[in-house]
Amino acid sequence: MATVTFFEKPGCAGNKQQKALLEAAGHQLVVRSLLAEPWTAERLMDFLAPLPVSEWFNLSAPAVRDGDIVPERLDADAAMALLLDTPLLIRRPLMEVDGTRMVGFDSFAVDAWIGLDPAAATQGNLEGCAKGSGAHALCPDPTAEEV
């Protein structure tokens, strides 16, 4: 099994589910706060480079969900500046195994990459707020979290 560096938003219910699926498959996790990580543009691009700019963003982030930020209208430089300024906007989780990286949690892709239990591998896209649409008010305040 793999050792997965897993960048999460502390307290996120969706990330909790994702970590449970990885651990159930026998993977070891090194969990790090996406919000406390000292990101640079180069380090973040190690994860994001293969994706179009619109897929760099957490679609459940209130500013994106509410239309204040429209990822499809941003160029790479503007998008990167927003992500570095407000890491809560970064699509999550970010995962890394032996220098190979993945953004987001599509169970089919994760299963093909490092393996999941068969039942978990058929769940598809497990991104977004696990508490439902508009539920971020119920999520822990990331500034109050111990990171």
Side-chain angles (χ1 to χ4, degrees), residues 2 4-25 27 29-97 99-114 116-117 119-147:
V4 181
T5 302
F6 188 96
F7 295 93
E8 68 169 354
K9 173 190 166 197
C12 174
N15 287 160
K16 182 178 179 179
Q17 286 180 316
Q18 296 156 355
K19 291 184 299 186
L21 292 174
L22 291 167
E23 289 172 333
H27 302 297
L29 301 180
V30 177
V31 179
R32 297 176 67 171
S33 171
L34 181 75
L35 306 179
E37 189 69 17
W39 295 109
T40 64
E42 295 77 19
R43 175 75 172 125
L44 200 48
M45 281 305 289
D46 288 344
F47 288 91
L48 302 175
L51 301 173
V53 170
S54 62
E55 292 181 25
W56 295 2
F57 287 82
N58 171 10
L59 299 180
S60 295
V64 176
R65 182 194 63 224
D66 297 344
D68 297 327
I69 295 173
V70 180
E72 295 80 8
R73 294 185 186 161
L74 299 171
D75 65 24
D77 290 336
M80 182 58 69
L82 285 169
L83 297 176
L84 291 173
D85 185 55
T86 310
L88 190 61
L89 295 171
I90 300 170
R91 184 176 167 196
R92 61 181 186 265
L94 300 181
M95 297 179 284
E96 185 170 17
V97 174
T100 303
R101 296 163 191 91
M102 180 174 280
V103 177
F105 201 99
D106 180 287
S107 65
F108 302 117
V110 174
D111 184 45
W113 179 40
I114 57 174
L116 289 176
D117 283 347
T122 61
Q123 294 186 29
N125 187 337
L126 297 176
E127 293 180 47
C129 185
K131 295 179 182 177
S133 178
H136 276 287
L138 303 173
C139 292
D141 178 355
T143 61
E145 287 291 326
E146 193 172 296
V147 290

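These values consider heavy atoms only, across backbone and side chains, with no hydrogens, waters or symmetry-generated copies.
Here the CZ atom belonging to Phe6 is positioned 9.5 Å from the CZ atom belonging to Arg92, to the nearest 0.5 angstrom. The CZ atom of Phe57 sits 4.5 Å away from atom CG of Leu83, with the distance rounded to the nearest 0.5 Å. In this structure, the separation between CZ on Phe7 and CD on Glu96 is 6.5 Å, given to the nearest 0.5 Å. To the nearest 0.5 Å, atoms CD1 (Ile69) and CG (Leu59) are separated by 11.5 Å. How far CG of Asn58 is from OG1 of Thr86: 12.0 Å, rounded to the nearest 0.5 Å.
Between Met95 and Gly104, the shortest heavy-atom contact is CE-O, 3.4 Å. For the pair Val53 and Ala76, the tightest heavy-atom approach, listed with the atom from each and the gap, is CG2-CA, 3.8 Å. Heavy atoms only, all atoms of each residue included: Ala24 and Asp117 are closest at O-OD2, 3.2 Å. Of all non-hydrogen atoms in Val97 and Ala2, the two that sit nearest each other are CG1-CB, 3.8 Å.
If you run side-chain hydrogen bond (donor to acceptor under 3.5 Å, both in side chains) between Asn15 and each of Lys19, Gln17, Gln18, only Gln18 comes through.
With a 4.5 Å cut-off on side-chain heavy atoms, Leu94 and Leu44 count as touching. Residues Trp39 and Ile90 form a side-chain contact, since some pair of their non-hydrogen atoms from C-beta on lies under 4.5 Å apart. Met80 has its side chain within reach of Leu48: a pair of non-hydrogen atoms, C-beta onward, lies under 4.5 Å apart. At a threshold of 4.5 Å between non-hydrogen side-chain atoms, the residues Glu8 and Val31 count as touching. Residues Leu34 and Lys9 are not in side-chain contact: their nearest non-hydrogen atoms beyond the backbone lie 4.5 Å or more apart. Two residues are said to be in side-chain contact when any heavy atoms from C-beta on lie closer than 4.5 Å; Leu35 and Leu88 meet this criterion. In this structure, Arg91 and Leu51 have side chains that are in contact, with non-hydrogen atoms separated by less than 4.5 Å. Side-chain contact between Leu22 and Phe105 is present, with at least one heavy-atom pair separated by less than 4.5 Å.
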- request: Decide side-chain contact (heavy atoms from CB on, under 4.5 Å) for Val103 and Glu55; before the verdict, give the C-alpha distance in whole Å, the side-chain angles of both, and the deciding distance to 0.1 Å.
  value: CA-CA 9 Å; Val103 177; Glu55 292 181 25; over 6 Å; no
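Between the side chain of Arg101 and the backbone N or O of Gly99 there is at least one donor-acceptor pair closer than 3.5 Å. At distances below 3.5 Å, not a single donor-acceptor pair connects side-chain atoms of Asp66 with backbone N or O atoms of Asp68.
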